[in-house]
Undergrad: 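One structure is given below, represented as structure tokens, and several questions about it will come after.
The residues of the chain are indexed from 1 along the displayed sequence.
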Amino acid sequence: MTPRVRIQIEDFDLSTEVAQLRLQDARVGAVCSFIGTVRDRNDGQSVSTMELEHYPGMTEKSIEAMIDEALRRFDLYGARVIHRVGLLQPLDQIVMVAVTSAHRGESFQACEFLMDYLKTQAPFWKKEQTPEGARWVDARVSDDAALARWGIEARNG
């Protein structure tokens with residue numbers, strides 16, 4: 001069985017991941033996925049690279065717990081989160097969230113719920129290279145507000 005959470009340096013293929021997620025599950029009527037990519041600009045500055053770091057073991061455990069919470073909140077059949085680490089360039093894929101359910105509403109909500117969590121609570125650290133030098137990227141207030149609508153308070157700091 002393919003793990004629900006993978007943290008990896010190498011890229012991923014959405015169609016392969018979705019095919020594995022819904023493999024032989026005739027109950028699935030909806031698949032929702034999200035792919036996050038590296039932008040060439042952030043906060044008005046040019047970005048040449050982004051480097052992502054994490055705590056091995058802790059990061060996976062944290063994301064597994066949020067998938068468990070998504071499964072409690074929404075009528076899902078499956079979920080998968082892949083997050084890349086290491087040095088990434090603009091246009092590179094960073095993160096994939098995919099969920100399956102019987103109906104689209106549950107899938108859309110669960111996918112958005114998981115992404116809101118990942119943006120604010122998953123233990124990743126991002127460093128961008130800009131023309132002015134390297135800078136660490138913090139979660140945005142808008143990301144915290146997105147998480148709050150699910151009844152979860154952001155743990156920053």
Side-chain angles (χ1 to χ4, degrees), residues 1-42 47 50-126 137-156:
M1 184 154 116
T2 305
R4 297 188 311 180
V5 177
R6 290 199 327 261
I7 310 299
Q8 61 192 45
I9 293 171
E10 48 287 332
D11 200 6
F12 52 85
D13 178 69
L14 175 64
S15 60
T16 300
E17 298 301 329
V18 167
Q20 288 177 354
L21 186 59
R22 52 185 294 236
L23 187 67
Q24 303 299 315
D25 192 346
R27 303 171 302 164
V28 173
V31 177
C32 186
S33 64
F34 173 85
I35 301 287
T37 60
V38 179
R39 294 184 308 265
D40 67 351
R41 299 195 65 73
N42 190 22
V47 173
M50 175 187 288
E51 189 169 1
L52 287 128
E53 299 178 4
H54 77 298
Y55 279 133
M58 174 198 276
T59 304
E60 292 88 343
K61 184 177 178 181
S62 175
I63 297 170
E64 284 282 355
M66 194 46 60
I67 289 175
D68 289 342
E69 181 62 23
L71 291 169
R72 279 190 289 279
R73 289 175 181 239
F74 307 102
D75 190 13
L76 301 178
Y77 298 137
R80 177 158 307 151
V81 174
I82 299 173
H83 207 298
R84 294 180 66 196
V85 292
L87 190 62
L88 300 171
Q89 311 290 323
L91 302 176
D92 285 349
Q93 297 182 128
I94 305 169
V95 61
M96 181 202 85
V97 173
V99 297
T100 60
S101 67
H103 304 285
R104 70 181 183 271
E106 295 288 313
S107 285
F108 280 126
Q109 286 185 310
C111 195
E112 193 167 16
F113 171 80
L114 286 167
M115 202 53 229
D116 287 345
Y117 168 75
L118 284 167
K119 286 287 289 181
T120 59
Q121 302 305 294
F124 289 101
W125 294 268
K126 296 180 199 176
V137 179
D138 292 325
R140 292 180 169 86
V141 171
S142 60
D143 294 331
D144 291 343
L147 187 65
R149 72 189 168 114
W150 302 107
I152 300 173
E153 186 176 325
R155 296 183 314 263
N156 293 321

Undergrad: Quick test of your reading of the model: are Glu69 and Arg72 salt-bridged, counting only N-O distances below 4.0 Å?
TA: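 Between Arg72 and Glu69 there is a salt bridge, with a charged N closer than 4.0 Å to a carboxylate O.
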Undergrad: Taking atom CD1 of Ile67 and atom CD of Glu60, what is their separation to the nearest 0.5 Å?
TA: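 If I round to the nearest 0.5 Å, the distance is 11.0 Å.
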Undergrad: Do the side chains of Arg22 and Tyr77 get nearer than 4.5 Å, heavy atoms only?
TA: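 Answer no - side chains too far apart.
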Undergrad: Does any donor atom in the side chain of Tyr117 or Ser62 lie under 3.5 Å from an acceptor atom in the other side chain?
TA: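 Ser62 and Tyr117 do have a side-chain donor-acceptor pair below 3.5 Å.
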Undergrad: Within the supplied structure, the quantity of interest is the number of heavy atoms (other residues, nucleotides, ligands) at a distance under 6.0 Å from Arg104 CZ; does it exceed 12?
TA: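 No - once you tally the heavy atoms of other residues, nucleotides and ligands closer than 6.0 Å, there are 12 at most.
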Undergrad: Working note: Ser101 + Asp75, criterion side-chain contact (heavy atoms from CB on, under 4.5 Å); need CA distance, chi angles, decisive distance, verdict.
TA: CA-CA 6 Å; Ser101 67; Asp75 190 13; 5.8 Å; no
Undergrad: The criterion is side chain to side chain donor-acceptor pair (under 3.5 Å); which residues satisfy it with Gln8, sequence neighbours excluded?
TA: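 For Gln8 the side chain to side chain donor-acceptor pair (under 3.5 Å) partners, ignoring immediate neighbours, are Arg6.
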Undergrad: So, taking the atom named OG1 in Thr59 and the one named NE2 in His83, what distance separates them when rounded to the nearest 0.5 Å?
TA: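 Taking OG1 in Thr59 and NE2 in His83, the distance rounds to 9.0 Å.
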Undergrad: One pair to check against side-chain contact (heavy atoms from CB on, under 4.5 Å): Ile63 and Ile7. What are the steps and the verdict?
TA: CA-CA 10 Å; Ile63 297 170; Ile7 310 299; 4.1 Å; yes
Undergrad: Write down the atom of Leu114, the atom of Ala79, and the distance for their closest heavy-atom approach.
TA: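 Heavy-atom minimum between the residues: CD1-CB, 4.5 Å.
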Undergrad: What heavy-atom pair brings Phe108 and Cys32 nearest, and what distance separates the two atoms?
TA: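 That would be CD2-SG, 3.5 Å.
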Undergrad: Stepwise, does the side-chain contact (heavy atoms from CB on, under 4.5 Å) test hold for Ile9 with Val85?
TA: CA-CA 5 Å; Ile9 293 171; Val85 292; 4.1 Å; yes
Undergrad: Go through the steps for Arg80 and Gln20 under the test side-chain contact (heavy atoms from CB on, under 4.5 Å), then give the verdict.
TA: CA-CA 10 Å; Arg80 177 158 307 151; Gln20 288 177 354; 3.5 Å; yes
Undergrad: Minimum heavy-atom separation for Ser15 and Asp13, please, with both atom names.
TA: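 Result for this residue pair: OG-OD2, 2.7 Å.
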Undergrad: Quick one: pull up CG in Leu87 and CE in Met50 and give me the separation to the nearest 0.5 Å.
TA: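 Nearest 0.5 Å value for the CG-CE distance: 10.5 Å.
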Undergrad: How long is the span from the CE atom in Met96 to the CZ atom in Phe12, to the nearest 0.5 Å?
TA: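 Rounded to the nearest 0.5 Å, the CE-CZ separation comes to 6.5 Å.
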Undergrad: Return the minimal non-hydrogen interatomic distance between Phe74 and Glu106, and the atom names on each side.
TA: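 Closest approach of Phe74 to Glu106: CA-OE1, 3.1 Å.
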Undergrad: Would you name the heavy atoms of Gly78 and Leu21 that are closest together and state the gap between them?
TA: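 Here Gly78 and Leu21 meet closest at C-CD1, 4.0 Å.
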Undergrad: Working to the nearest 0.5 angstrom, can you tell me the gap between Glu51 CD and Leu88 CG?
TA: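 One finds 9.0 Å between CD of Glu51 and CG of Leu88.
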Undergrad: So which heavy atom on Val5 is nearest to which on Glu64, and how close?
TA: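 Looking at all heavy atoms of both residues, the shortest contact is CG2-OE2, 3.6 Å.
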Undergrad: Does Asp68 pair with Arg4 as a salt bridge, N-O distance under 4.0 Å?
TA: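 Yes, Asp68 and Arg4 are salt-bridged.
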Undergrad: What distance do Arg84 atom CZ and Thr37 atom OG1 have between them, rounded to the nearest 0.5 Å?
TA: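 That separation rounds to 11.0 Å.
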